[in-house]
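Following this message is one structure expressed as structure tokens.
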Amino acid sequence: QVQLVESGGGLVQAGGSLRLSCAASARTFSRYSMAWFRQAPGQERAFVAGISWSGRTTHYADSVKGRFTISRDIPRKMVYLEMNSLNPEDTAVYHCAAGTLDSSLADEYDYWGQGTPVTVSS
């Protein structure tokens, strides 16, 4: 079992930055690929960024490439999402997810956090 708790969301103006954190409680945290997804009101959950179990491989949705950075701290069992140059289209609830595969598909992830809301004002 893996429990995930996100934090760091909030209200920010367009062009601003936020850093999201995801704390994992699992003895085998280092075995999991991790990802961030987001869900805007009335929309389906969408992939944002993913990182391999080792942290050596990352992948991003085209909409956030060059603006967002995913990272992980294995000893601290933390995953981060650094978000820069935010725009109103980034407004959503951001969820952390854990799975055994590097994937951009939500169905490939077994464990999910409750999410942290991000609102970007214009």
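Please read these numbers as outputs of a predicted model, since none were measured by experiment.
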My understanding is that only residues two or more places apart in sequence, or in another chain, count here; which of them pass salt bridge (charged side-chain N to carboxylate O under 4.0 Å, His left out) with D107?
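If we apply the salt bridge (charged side-chain N to carboxylate O under 4.0 Å, His left out) test to D107, skipping adjacent residues, there are no hits.
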With D110 via side-chain hydrogen bond (donor to acceptor under 3.5 Å, both in side chains) - residues at least two apart
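side-chain hydrogen bond (donor to acceptor under 3.5 Å, both in side chains) check on D110 returns nothing, list empty.
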Salt bridge (charged side-chain N to carboxylate O under 4.0 Å, His left out) involving E108 - partner list, sequence neighbours excluded
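Residues passing salt bridge (charged side-chain N to carboxylate O under 4.0 Å, His left out) with E108: none at all.
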Which residues pass the salt bridge (charged side-chain N to carboxylate O under 4.0 Å, His left out) test with D73, sequence neighbours left out?
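Here the qualifying residues are R76.
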Do any pairs count as a disulfide (SG to SG under 2.5 Å) and have a residue in residues 56-87, sequence neighbours left out, and if so which ones?
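Listed by first then second residue: nothing to list.
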Using side-chain hydrogen bond (donor to acceptor under 3.5 Å, both in side chains) as the criterion, list what pairs up with Y94, not counting sequence neighbours.
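Scan of Y94 (side-chain hydrogen bond (donor to acceptor under 3.5 Å, both in side chains), adjacent residues dropped) gives R38.
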Return each pair, listed once, that meets disulfide (SG to SG under 2.5 Å) where at least one residue sits in residues 12-87; pairs must be two or more places apart or across chains.
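The answer is C22-C96.
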Pairing residues for A23 by the side-chain contact (heavy atoms from CB on, under 4.5 Å) criterion, not counting sequence neighbours
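By the side-chain contact (heavy atoms from CB on, under 4.5 Å) rule, A23 matches M78.
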What pairs with S52 under side-chain hydrogen bond (donor to acceptor under 3.5 Å, both in side chains), at least two apart in sequence or on another chain?
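side-chain hydrogen bond (donor to acceptor under 3.5 Å, both in side chains) list for S52, sorted by chain: S54.
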Residues that Q3 engages under side-chain contact (heavy atoms from CB on, under 4.5 Å), provided they are two or more places apart:
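So Q3 forms a side-chain contact (heavy atoms from CB on, under 4.5 Å) with S25.
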Taking only residues two or more places apart in sequence or in another chain, which ones pass salt bridge (charged side-chain N to carboxylate O under 4.0 Å, His left out) with R31?
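With neighbours one apart ignored, the set is empty.
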Would you confirm whether E6, through its side chain, and G115, through its main-chain N or O, come within 3.5 Å as a donor-acceptor pair?
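Present.
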Not counting sequence neighbours, list each pair that qualifies as a ring pair (Phe, Tyr, Trp, His ring centres under 6.0 Å) and has a residue in residues 53-81.
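Every ring pair (Phe, Tyr, Trp, His ring centres under 6.0 Å) pair that includes a residue of residues 53-81, provided the two are not neighbours, is F47-H59.
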